[in-house]
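Notes to accompany the following structure.
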Amino acid sequence: MEDEFTADCQARVAFEVLANLWDSVVVFTLGAYGPMRPHPLTARIGGIAPKVLNDALRRLEYHGLVHRRAYGEAPPRVDYALTEAGTALLEPMRAMGQWALRYGDAVLDAQERFTSQRAHRAS
């Protein structure tokens, strides 16, 4: 235990996996609505550019949270679904959402105070 560093803890992996804002939104949306093709997923999320969605889906596939299914059709068609690991991530995401509901205003207030204090010190 003495040779282990806090920065090397396994829990860090979960936070790194969802460090990108859009990745967590994609996981949440696929969890709520099931497998989807990219265009309907873009429409369901709202405010995400197709390239940004594609990048998020690639990252999530790389991390093993999303499975890309290609159909042998013309024109080509793909859809994306959560893997077992992706689905298991929904529960802690919901817990984080509850935390945000409870403490989100306090965090925003602290950020505002910090910014205000820095601006005051700079002048």
Side-chain angles (χ1 to χ4, degrees):
M1 184 76 161
E2 193 172 308
D3 294 328
E4 294 181 22
F5 297 101
T6 305
D8 294 332
C9 76
Q10 288 289 74
R12 188 188 80 206
V13 172
F15 292 103
E16 286 176 357
V17 162
L18 294 178
N20 183 288
L21 161 73
W22 291 113
D23 294 5
S24 57
V25 173
V26 171
V27 168
F28 184 81
T29 304
L30 289 173
Y33 298 98
M36 297 181 85
R37 295 177 66 186
H39 183 69
L41 188 53
T42 301
R44 173 61 64 187
I45 291 171
I48 186 171
K51 182 194 181 322
V52 174
L53 175 63
N54 188 54
D55 291 347
L57 289 167
R58 298 256 168 136
R59 274 190 305 276
L60 293 168
E61 188 177 9
Y62 169 79
H63 290 305
L65 302 178
V66 166
H67 173 73
R68 179 183 187 270
R69 181 175 175 197
Y71 296 86
E73 300 174 354
R77 177 170 73 106
V78 298
D79 65 24
Y80 293 87
L82 293 179
T83 62
E84 181 180 342
T87 300
L89 197 52
L90 293 170
E91 185 177 344
M93 286 177 66
R94 288 185 187 109
M96 294 287 288
Q98 290 300 313
W99 178 89
L101 284 173
R102 184 170 178 182
Y103 296 105
D105 289 338
V107 169
L108 294 173
D109 290 345
Q111 292 171 352
E112 190 174 309
R113 278 192 313 275
F114 183 86
T115 301
S116 176
Q117 289 170 355
R118 285 214 122 166
H120 180 71
R121 284 187 217 145
S123 57

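As a basis for the values below, the full set of heavy atoms in this structure was taken, side chains included, without hydrogen atoms, waters or symmetry mates.
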Check your understanding: Under a 4.5 Å cut-off applied to non-hydrogen side-chain atoms, are L90 and L82 in contact?
Key -> yes

Practice item. Give the minimum heavy-atom separation between M93 and V27, together with the two atoms involved. Key: SD-CG1, 3.6 Å

Practice item. First locate atom CG of L41, then atom CG of L53, and finally report the distance between them rounded to the nearest 0.5 Å. Key: 5.0 Å

Check your understanding: For E84, does the CD atom have more than 12 heavy-atom neighbours from other residues, nucleotides or ligands under 6.0 Å away?
Key -> no

Exercise for review: Scan for ring pair (Phe, Tyr, Trp, His ring centres under 6.0 Å) pairs involving residues 91-123, sequence neighbours excluded, and state none if there are none.
Suggested key: W99-Y103

Exercise for review: Check L30 against M36 and note the closest heavy-atom contact, atom names and distance.
Suggested key: CD2-N, 4.0 Å

Practice item. Report the residues that fulfil ring-ring contact (aromatic ring centres under 6.0 Å, His included) with Y33, sequence neighbours left out, ordered by chain and then residue number. Key: none

Practice item. Could you tell me whether the side chain of L101 reaches within less than 4.5 Å of the side chain of Q98, counting heavy atoms only? Key: yes

Check your understanding: More than 12 heavy atoms of other residues, nucleotides or ligands under 6.0 Å from CD of E16: is that the case?
Key -> yes

Review point. Would one find more than 12 heavy atoms of other residues, nucleotides or ligands at under 6.0 Å from atom CD of E112?
Key: no

Practice item. Could you tell me whether the side chain of T29 and the main chain of I45 form a donor-acceptor pair under 3.5 Å? Key: no

Exercise for review: Please lay out, stage by stage, how R113 and D109 fare under the test salt bridge (charged side-chain N to carboxylate O under 4.0 Å, His left out).
Suggested key: CA-CA 6 Å; R113 278 192 313 275; D109 290 345; 5.1 Å; no

Exercise for review: Go through V66 and T83 one step at a time and tell me if the side-chain contact (heavy atoms from CB on, under 4.5 Å) criterion holds.
Suggested key: CA-CA 5 Å; V66 166; T83 62; 5.6 Å; no

Exercise for review: Under 4.5 Å between side-chain heavy atoms, chaining through other members, with only Ile, Leu, Val, Met, Phe, Trp and Tyr counted: pull out the rest of the cluster around Y71, sorted by chain and number.
Suggested key: none

Check your understanding: Taking atom CG of L89 and atom CD of E91, what is their separation to the nearest 0.5 Å?
Key -> 10.5 Å

Review point. For R58, which of L60, D55, N54 qualifies under side chain to side chain contact (heavy atoms under 4.5 Å, CB included)?
Key: N54

Revision key, fill the gap. Closest heavy-atom pair, V26 versus A56, reported as atoms and distance to 0.1 Å, is CG2-CB, 4.1 Å

